[in-house]
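Positions are given from 1, in the same order as the sequence printed here.
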Amino acid sequence: MSTVNIAIDGPAGAGKSTIAKMVSAKLGYIYVDTGALYRTIALYITENDIPDDKIEASLENADVSLKFIDGAQRVFLGGRDVSELIRTPEISMAASRTSAIPAVRKYLFGTQQKIAAENNVIMDGRDIGTVVLPNADVKIFLTASAEERANRRYKELAEKPDCPTYQEILDDIIKRDYQDMHRETAPLKQADDAVLVDSTELNLEQSADAIVKIISEKIGGGLC
């Protein structure tokens, strides 16, 4: 029996990871956060202070892997669980730069496709429907206004020490959008056959339900 692959793409802060997790739980599929892989490479490069001209050669020593523990994805670097370490603003910006490097994308490409070939997956990222899984059964482009994305992120970080201001977060999101959409390799864009879902006026549950409805309509009896 062939696997079912669902691709969810969209800009930073659109809620892709959270919503994709909810959708995967509703459908019983494995959730794959590809952004976590790029963040982990960014952490590896940052921690080891690797210059740009040495990145490609260093990747063979990176040892990045995904494990699914109690149904949740955890990402490991050299056997160390870095699932929380990769979520800092510094690593977020570094990941945006790192993901534009062709050698990094090639390094992680095989990992992503192997998981999708072996499992029913919800996979989210920037270029899943356009590059990684161009033949995905359903493609979603999930977005929201930059202001709403910044507001959500600010609320997430408000209780943490050294929380950036709303304006700093908004500026960061706008900058990252530009980087992701204008990079030479696999730029962020909506696939021609992707369904647009704008979550600006939707909460998480409504967004997840909207995507489940689209998937159900697209694959019908293939939904399990």
Side-chain angles (χ1 to χ4, degrees), residues 3-37 39 66 68-75 83-84 86-89 92 95 112 115-116 119-129 132-133 136-160 163-164 166 169-170 172-174 176-177 180 188 190-191 193-224:
T3 59
V4 176
N5 294 168
I6 312 298
I8 301 181
D9 291 308
K16 293 189 305 298
S17 296
T18 301
I19 293 168
K21 286 177 188 176
M22 295 172 69
V23 173
S24 67
K26 289 174 182 287
L27 300 181
Y29 291 3
I30 285 177
Y31 164 63
V32 183
D33 174 9
T34 61
L37 296 171
R39 286 169 178 268
L66 291 179
F68 295 91
I69 302 173
D70 296 327
Q73 175 187 281
R74 307 293 293 181
V75 60
S83 303
E84 276 72 48
I86 61 174
R87 298 298 172 182
T88 66
S92 292
Q112 296 166 27
I115 294 171
N119 304 276
N120 291 337
V121 299
I122 308 285
M123 187 176 292
D124 80 313
R126 301 287 189 279
D127 64 344
I128 307 305
V132 180
L133 300 177
D137 299 274
V138 182
K139 300 177 186 179
I140 304 290
F141 192 84
L142 179 65
T143 190
S145 69
E147 291 76 13
E148 177 59 21
R149 286 184 280 140
N151 184 51
R152 293 172 184 172
R153 185 62 175 158
Y154 179 73
K155 288 179 178 178
E156 273 183 31
L157 299 175
E159 300 302 319
K160 296 184 178 181
C163 173
Y166 166 80
I169 293 172
L170 178 59
D172 180 70
I173 282 176
I174 292 171
R176 193 167 176 197
D177 282 352
D180 290 344
L188 169 66
Q190 181 178 343
D193 54 348
V195 179
L196 177 66
V197 175
D198 189 327
S199 70
T200 302
E201 302 295 332
L202 304 176
N203 62 31
L204 293 173
E205 190 69 32
Q206 290 170 331
S207 299
D209 286 344
I211 291 175
V212 169
K213 184 173 184 289
I214 292 166
I215 294 170
S216 180
E217 290 172 348
K218 288 279 187 180
I219 65 178
L223 193 58
C224 61

In terms of heavy-atom contacts, Ile169 and Pro164 come closest through CG1-CG, 3.7 Å
inquiry  = The test is side-chain contact (heavy atoms from CB on, under 4.5 Å); show your working for Tyr166 and Asn151 and say whether it passes.
reply    = CA-CA 7 Å; Tyr166 166 80; Asn151 184 51; 4.2 Å; yes
Quick one: do Arg152 and Glu156 make a salt bridge, cutoff under 4.0 Å? no
Taking OH in Tyr154 as the centre, count heavy atoms belonging to other residues, nucleotides or ligands within less than 6.0 Å. Is the count above 12?
no
To the nearest 0.5 Å, atom CG of Asp177 lies from atom CG of Asp172 at 9.5 Å
Checking Arg87, Arg39, Arg153 against Ser92 for side chain to side chain donor-acceptor pair (under 3.5 Å), the one that qualifies is Arg39
Distance col, row Ile122:CD1 vs Leu27:CG, nearest 0.5 angstrom, shows 5.5 Å
Nearest heavy-atom contact between Thr3 and Asn120 is CA-OD1, 3.3 Å
Exercise. Could you give me the CA-CA distance, side-chain angles and deciding distance for Ile6 and Val23, then say whether side-chain contact (heavy atoms from CB on, under 4.5 Å) is met?
Key: CA-CA 10 Å; Ile6 312 298; Val23 173; 5.9 Å; no
Between Ser207 and Leu202, the two heavy atoms sitting closest are OG-CB, 3.4 Å
Within the side chain of Lys139, is there an N or O that forms a donor-acceptor pair under 3.5 Å with the backbone of Gly129? yes
Residue pairs passing the salt bridge (charged side-chain N to carboxylate O under 4.0 Å, His left out) test with at least one member in residues 196-206, sequence neighbours excluded, are Lys26-Glu205
Hits for side chain to side chain donor-acceptor pair (under 3.5 Å) against Ser24, two or more places apart or cross-chain, chain-then-number order -> none
So CZ of Arg74 and CG of Asp33: to nearest 0.5 Å the spacing works out to 11.5 Å
Quiz item: Is the backbone N or O of Ala116 less than 3.5 Å from a side-chain atom of Asn5, with the two atoms forming a donor-acceptor pair by type?
Solution: yes
Separation between CZ (Arg126) and OG1 (Thr34), nearest 0.5 Å, reads 8.0 Å
Notebook entry, point to check: Is the side chain of Glu217 donor-acceptor paired with the backbone N or O of Ile214 at a distance under 3.5 Å, no angle test?
Noted result: no
All heavy atoms of Gln73 vs all of Tyr31, minimum pair found to be OE1-O, 3.6 Å
Rounded to the nearest 0.5 angstrom, the OG1-CD distance for Thr143 and Glu148 is 11.0 Å
Taking every heavy atom of Ile8 against every heavy atom of Lys16, the minimum-distance pair comes out as O-CD, 4.1 Å
Closest heavy-atom pair, Phe141 versus Ala194, reported as atoms and distance to 0.1 Å, is N-CB, 4.3 Å
What do the steps show when you test Asn203 against Gln206 for side-chain contact (heavy atoms from CB on, under 4.5 Å), and what is the final call?
CA-CA 5 Å; Asn203 62 31; Gln206 290 170 331; 3.2 Å; yes
d(Leu196 CG, Asp9 CG) to nearest 0.5 Å is 12.0 Å
